[in-house]
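In what follows, every chain begins at residue 1, and chains take the letters A, B, ... in the order their sequences are listed. Computed from a predicted model, the values in this text were never measured in an experiment.
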Protein chains: 2
Amino acid sequence: MSSTVEDSRQEGRRAPMAKSERTRTRILDAARELFNERGTAAVSTNAIAAEAGISPGNLYYHFSDKRQIIRALQEQIVGHHENRWEPSSDAAENLAKLRENVMAAMGVAWEYRFFERELLALLRADEELRAVYTEVHERRLGEWLRFGEQLVAQGVMREPGPPRSLADLGVAMWLIASHWLSFLESREMPATRPRLRGSVI
Amino acid sequence: MSSTVEDSRQEGRRAPMAKSERTRTRILDAARELFNERGTAAVSTNAIAAEAGISPGNLYYHFSDKRQIIRALQEQIVGHHENRWEPSSDAAENLAKLRENVMAAMGVAWEYRFFERELLALLRADEELRAVYTEVHERRLGEWLRFGEQLVAQGVMREPGPPRSLADLGVAMWLIASHWLSFLESREMPATRPRLRGSVI
DNA sequence: GTCTATATCGCGATAGAC
DNA sequence: GTCTATCGCGATATAGAC
């Protein structure tokens, strides 16, 4: 369920949802689930409504468009990645944080795996989506770089030798983190929590 | 164009194609191109026919189904990966082969990037596709393992320390090779040949 | 082999009742 | 806010002429 990820970084106690807000959320959950299974293009708004347990028409009260649904899901993803990678002056703490963040990134990548998968097509089809994506990832890579430099400075990690850079390492880690669980799934090894833990070290 | 990949492993001189065969090939090329751009579900058979320069009806003379087209593309992919990873007794030769194969894998992954991207959805939607996929990848991983063990035995490579194994390393390399170019593309750094070379070392 | 024409279906999106 | 009904469109797949 969505809760696996949902809980990790939200405020401890959630404000009671308005009725409208709850429906909106159920639509997004349903859409995410179906997108992951079949891909965005193969999922009709009708199917989303059915999965969410509402009428087709009602869906259009909350979202003007399928694209709007995808954009809303993107916002959720961005939210999940916010405010990690603040480097600490304590080396052990940073190492723990590194592990935790890679785990978290894997979890998010899994729950929203349709997004990484269809990334290029999605970005091509929606300029607004692309704008947000580029901006966020620019920022994220910068954060990772500062964090990585700190790790190197603290002797927790060796800098990769030329011609490879810290940025390259970041990219490689990002690629692995975002696709590892999907890979397991494709090999018919269902991605369970313990398996996730086992994947990180 | 497709030739980038097409040429790499085929017999030196291609037999002259029958008219039927040529149309079939043009359909597959068109489909691959469009699938990569927009994703399989978003591409109609009409669009494929148009891109291939034939009529919608004609397409159904050559393929009974969109699924059949995808299956045919899968066969091409499998063909491109056949007969690499035969370990040699010469260490330098193996190292060169490792590089060459990673490059080649990247190239294929790029030309057929829709396939990796939509993998889970595709496998879920087509039992036959899944059967071929599992079988081929089982075999492939075995080949890589024997190759990797040879590299270790020849002192070209260190075995990763526990709890990571040679198989894990293979998976990580596979993930990177299959997604690296797509990643570059998503960052708006178009994947050119030189960039490919630069990516491998 | 290839074309044009067409039947059938399901999707996206809106209108209007409750 | 939510539903049902419906319009218009485009997609798949087939039929039949050339």
Side-chain angles (χ1 to χ4, degrees), chain A residues 15-74 114 118 121-122 124-129, chain B residues 15-74 114 118 121-122 124-129:
Chain A
M17 268 188 191
K19 195 179 190 183
S20 162
E21 193 59 21
R22 279 207 46 240
T23 306
R24 204 187 123 92
T25 306
R26 293 179 56 212
I27 293 174
L28 290 178
D29 286 348
R32 185 172 51 77
E33 213 103 334
L34 291 177
F35 289 168
N36 282 337
E37 301 247 326
R38 303 186 221 148
T40 52
V43 174
S44 68
T45 50
N46 278 356
I48 299 175
E51 175 81 11
I54 63 171
S55 72
N58 192 3
L59 184 145
Y60 283 89
Y61 173 83
H62 293 275
F63 296 92
S64 66
D65 215 308
K66 204 158 90 175
R67 284 211 321 248
Q68 289 294 345
I69 298 182
I70 298 176
R71 288 187 189 145
L73 289 172
Q74 181 190 35
F114 79 92
E118 304 181 30
L122 291 178
R124 204 187 308 265
D126 186 344
E127 197 52 53
E128 197 171 317
L129 207 73
Chain B
M17 267 186 192
K19 197 178 188 182
S20 162
E21 192 58 22
R22 280 207 44 241
T23 306
R24 202 187 124 93
T25 305
R26 293 178 56 213
I27 294 174
L28 290 178
D29 285 349
R32 185 171 51 75
E33 214 104 332
L34 291 177
F35 289 168
N36 282 337
E37 301 247 328
R38 304 185 221 148
T40 52
V43 174
S44 68
T45 51
N46 276 357
I48 299 175
E51 176 81 9
I54 62 170
S55 72
N58 193 2
L59 184 145
Y60 283 90
Y61 173 82
H62 293 276
F63 296 93
S64 66
D65 213 305
K66 203 158 91 175
R67 283 210 323 250
Q68 289 293 344
I69 299 183
I70 298 177
R71 288 187 190 146
L73 289 172
Q74 181 190 35
F114 80 91
E118 304 181 30
L122 291 178
R124 205 187 306 267
D126 186 344
E127 196 52 53
E128 197 171 317
L129 208 72

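The side-chain heavy atoms of B:Ile69 and B:Leu59, taken from C-beta on, include a pair separated by under 4.5 Å.
B:Arg22 places no side-chain N or O within donor-acceptor distance of the main-chain N or O of B:Met17, the cut-off being under 3.5 Å. The main-chain N or O of B:Phe114 is found under 3.5 Å from a side-chain atom of B:Asn36 such that the two form a donor-acceptor pair. A distance-only check finds no donor-acceptor pair linking the side chain of B:Arg32 to the backbone of B:Leu73 [under 3.5 Å].
In this structure, the CG atom of B:Asn58 is 16 Å from the P atom of C:dA5, given to the nearest Å. Remark: C1' of C:dT8 and OH of B:Tyr60 are 13 Å apart, rounded to the nearest angstrom.
Contacts of A:Asn46 with the nucleic acid, taken as non-hydrogen atoms under 4.0 Å apart, involve only primed sugar atoms and P, OP1 or OP2. B:Ser55 comes within contact range of at least one nucleobase, with a heavy-atom separation under 4.0 Å. No engagement by A:Ser64 is indicated, since no non-hydrogen atom pair under 4.0 Å with the nucleic acid exists.
In summary, the side chains of A:Thr45 and A:Tyr60 do present a donor paired with an acceptor at a separation below 3.5 Å, with no hydrogens or angles considered.
Here the range on DNA chain D touched by chain A, meaning any atom under 4.0 Å from one of its heavy atoms, is D:dG1 to D:dT4.
From A:Thr23, atom OG1 reaches atom NE2 of A:His62 across 4.5 Å, with rounding to the nearest 0.5 Å.
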